[in-house]
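Below: the structure, in structure tokens.
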Amino acid sequence: MSETGMDAVGALADPLRRRLYRYVVERGGGVSRAEAAEAVGAQRGLAAFHLDRLVAAGLLEVAHGKRSGREGPGSGRPAKLYSRADREVSVQLPPRDYGLAAHLLAAAVRTEGLEPAVHAAARTEGLRRGAELAEGGAALDGVRRHLAEQGYEPAADADDPDVLRLRNCPFHTLAREHPPLACGMNLELLRGLLDGAGAEGIEARMDPLPDGCCVAISKTNDN
């Protein structure tokens, strides 16, 4: 684990700082100091201090913009707007490098043409996980809770509340270098999850956006 990684983890040791970080992440970015302070019940100055500490640790990024959307004289000064940094931080003591192993395996899968076998294995695992959720009784609620626990950060689409967007890809690094393999694996995993949970009328489909997961979950279009 690098020194910068340890600094980033250490920055989240403070409970208020953790709440601020979670709020910015859950909002999807573009959060002002005033909004963050109100959300966590802290004074604006204190919230600003902790937000800037998170920026210094590399966990948040800051941009300047006007919340009113107005420009020109009388529109006010641009505010600091915070969003999650595009950086991964992992905690593994003693150090491990599972990422390298994943990339080596992905390269071998592509070389040998084994993508269908990987996708089939992902679907089987999804079915297993979904069946466990179905045993709990609340299939759809269980699916969303499972996605949140696995780091997908599910949230309703801003333009269509019937579409569930997954704002984070748990396989981001692998998907960036091996998109067909990783995204196909992810799609089959989520399809299996829904089928195993008995989530009728709901489907997982490929619908990539510039940020977040390449898969969206929505109602089926039964004509």
Side-chain angles (χ1 to χ4, degrees), residues 1-91 140-173 175-176 207-219:
M1 186 175 176
S2 67
E3 290 293 330
T4 55
M6 286 190 284
D7 289 343
V9 173
L12 293 172
D14 183 89
L16 176 58
R17 209 171 291 163
R18 285 200 302 274
R19 296 205 307 273
L20 286 165
Y21 178 75
R22 286 171 179 159
Y23 177 71
V24 172
V25 169
E26 289 170 0
R27 279 285 306 274
V31 175
S32 70
R33 289 173 165 179
E35 291 170 331
E38 181 179 0
V40 301
Q43 294 182 349
R44 186 178 183 278
L46 181 61
F49 168 78
H50 285 300
L51 287 167
D52 287 338
R53 286 292 300 272
L54 291 169
V55 172
L59 293 170
L60 295 182
E61 294 178 345
V62 64
H64 292 81
K66 295 182 178 180
R67 305 300 276 162
S68 65
R70 296 185 300 159
E71 300 291 340
S75 60
R77 296 176 57 187
K80 276 189 171 182
L81 302 177
Y82 297 86
S83 59
R84 178 170 50 191
D86 186 17
R87 174 193 177 195
E88 290 186 10
V89 178
S90 61
V91 182
L140 291 180
D141 289 342
V143 165
R144 184 162 185 158
R145 185 167 56 253
H146 177 80
L147 293 174
E149 291 171 350
Q150 297 302 310
Y152 283 96
E153 296 177 9
D157 186 277
D159 299 319
D160 187 349
D162 289 333
V163 176
L164 188 66
R165 291 290 178 183
L166 308 175
R167 295 185 302 177
N168 182 56
C169 173
F171 316 111
H172 174 69
T173 302
R176 186 170 52 195
D207 188 13
L209 293 177
D211 297 312
C213 179
C214 58
V215 177
I217 295 176
S218 62
K219 294 180 179 179

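We number each residue from 1, following the sequence as shown. What you see is a predicted model, and the numbers here were worked out from it, not measured in a lab. Note: hydrogens, waters and symmetry copies are ignored here, and every other heavy atom, side chains too, is used.
Pairing each heavy atom of G58 with each of A85, the nearest pair is O-CB, 3.2 Å. Heavy-atom minimum distance, S218 versus V163: CB-CG2, 3.9 Å. Contact detail for N168 and C213: the closest heavy-atom pair is O-CB, 3.9 Å. Heavy-atom minimum distance, A57 versus A11: CB-CB, 3.7 Å. Contact between R144 and A155 at its shortest, heavy atoms only, is NH2-CA, 3.8 Å.
Note on residues 147-156: pairs passing side-chain hydrogen bond (donor to acceptor under 3.5 Å, both in side chains), not counting sequence neighbours, are R84-E153, Y152-N186. Listed by first and then second residue, the salt bridge (Lys or Arg N to Asp or Glu O under 4.0 Å) pairs involving residues 48-59 are R33-D52, D52-K80 (not counting sequence neighbours).
By the side chain to side chain donor-acceptor pair (under 3.5 Å) test, Y23 is found to be paired with R27, residues two or more places apart in sequence or in another chain being considered. In this structure D207 satisfies the salt bridge (charged side-chain N to carboxylate O under 4.0 Å, His left out) test together with R165, R205, sequence neighbours excluded. Every salt bridge (charged side-chain N to carboxylate O under 4.0 Å, His left out) that D162 has, sequence neighbours left out, goes to K219. Partners of S83 by side chain to side chain donor-acceptor pair (under 3.5 Å), not counting sequence neighbours: none found.
The CG atom of D211 sits 8.0 Å away from the CG atom of L209 when rounded to the nearest 0.5 Å. In this structure, CG in L16 is found 11.5 Å from CG in L12, a value given to the nearest 0.5 Å. Rounding to the nearest 0.5 angstrom, the gap separating the OH atom in Y21 from the CD atom in E26 is 11.0 Å.
For the pair L147 and I217, the minimum side-chain heavy-atom distance is below 4.5 Å. Inter-residue side-chain proximity for L60 and L20 is flagged as unmet; no heavy-atom pair is nearer than 4.5 Å.
Side chain of R167 to backbone of P154: no donor-acceptor contact under 3.5 angstrom is found.
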List the atom pairs, with distances to 0.1 Å, where a side-chain N or O of residues 40-51 and a protein N or O form a donor-acceptor pair under 3.5 Å, not counting sequence neighbours.
| unit_1 | atom_1 | unit_2 | atom_2 | d |
| --- | --- | --- | --- | --- |
| H50 | ND1 | R17 | NE | 3.0 |
| H50 | ND1 | R17 | NH2 | 3.1 |

